[in-house]
Amino acid sequence: MTPAQIDLVEQTLASLDIEALTIDFYRRAFERDPSLTVMFTADPALQRARFAAELAAIIRSIRSLDAFEGAVRVLGERHSEYGVCAVHYTLMGSALLASLAAALGTRWTADVSEAWTLAYNLTAETMMLGALEIASER
């Protein structure tokens, strides 16, 4: 990701109603795959708050690759313990990008879409590396 793309991701996230984004995100994810609901045992409001906090932390750390990589690998390790696998990353990424596009409306430009897609892919790939590392240690 370029510094300009990181700026776009940071700026657009800061401009959003994060609670509305997370509600829409989970709605879209569960509509795409209702079986996902069994993976989410926490109170929905608590789950949304956790997701919002993690998303904000990831975006804040993305400028520092070392900090980002370490934190996101650990996140991937934790998610593997919940049963998250590669197909879930694809599904959740699709839901997140659709929710961002809906929330941003006309501000969801080709440049913003590309920046968020790269940010999500970087995050998902790093999380999967963390999951693979923990699996290889077992």
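In this text the structure is predicted, and so the values were computed from the model without any measurement.
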Minimal non-hydrogen separation, L91 against L36, with atom names: CD2-CD1, 3.3 Å
Close side-chain approach of I59 and W116, heavy atoms under 4.5 Å: yes
Candidate pair T22 and L55, rule side chain to side chain contact (heavy atoms under 4.5 Å, CB included), full reasoning: CA-CA 10 Å; T22 59; L55 182 61; over 6 Å; no
Audit row: M92, Y120, side chain to side chain contact (heavy atoms under 4.5 Å, CB included) steps and yes/no: CA-CA 10 Å; M92 298 306 258; Y120 181 78; 4.1 Å; yes
Spacing of T123 atom OG1 and M128 atom CE [to the nearest 0.5 Å]: 10.5 Å
Same apolar cluster (I L V M F W Y, side chains within < 4.5 Å links), L65/M1: yes
Residue pairs passing the salt bridge (Lys or Arg N to Asp or Glu O under 4.0 Å) test where at least one lies in residues 40-57, sequence neighbours excluded: E19-R48, E54-R78
R60 CZ to I6 CD1 distance, which is reported to the nearest 0.5 Å: 14.5 Å
Step-by-step side chain to side chain contact (heavy atoms under 4.5 Å, CB included) determination, R63 to E10: CA-CA 10 Å; R63 285 189 184 277; E10 290 171 339; 2.9 Å; yes
Where at least one partner belongs to residues 56-76, residue pairs that pass ring-ring contact (aromatic ring centres under 6.0 Å, His included), sequence neighbours excluded: none
Could you pull out all donor-acceptor pairs under 3.5 Å where a side-chain atom in residues 103-115 meets a protein atom, sequence neighbours excluded?
from: R107; atom 1: NH1; to: S15; atom 2: OG; distance (Å): 2.8
from: T109; atom 1: OG1; to: D111; atom 2: N; distance (Å): 3.4
from: T109; atom 1: OG1; to: V112; atom 2: N; distance (Å): 3.2

Point-to-point distance, once rounded to the nearest 0.5 Å, from CD of Q5 to CD1 of I62: 10.0 Å
ring-ring contact (aromatic ring centres under 6.0 Å, His included) pairs, two or more places apart, involving residues 35-54: F25-F51, Y26-F40, Y26-F51, F30-F40
Test side-chain contact (heavy atoms from CB on, under 4.5 Å) applied to A131 - qualifying residues, sequence neighbours left out: S80
Distance in Å, T2 OG1 paired with L118 CG, rounded so as to fall on 0.5 Å steps: 8.5 Å
Derivation of the side chain to side chain contact (heavy atoms under 4.5 Å, CB included) call for L16 and L100: CA-CA 9 Å; L16 294 175; L100 286 163; 3.6 Å; yes
Test side chain to side chain donor-acceptor pair (under 3.5 Å) applied to S64 and D66, step by step: CA-CA 6 Å; S64 172; D66 289 340; 5.9 Å; no
Heavy-atom side-chain contact between V72 and L129 under 4.5 Å: no
I58 and L75, any side-chain heavy atoms less than 4.5 Å apart: yes
Donor-acceptor contact below 3.5 Å, side chain T12 vs main chain V9: yes
Closest non-hydrogen atom pair, A102 against R28: CB-NH2, 3.4 Å
Residue pairs fulfilling side-chain hydrogen bond (donor to acceptor under 3.5 Å, both in side chains) with at least one residue in residues 83-95, sequence neighbours excluded: R32-S94
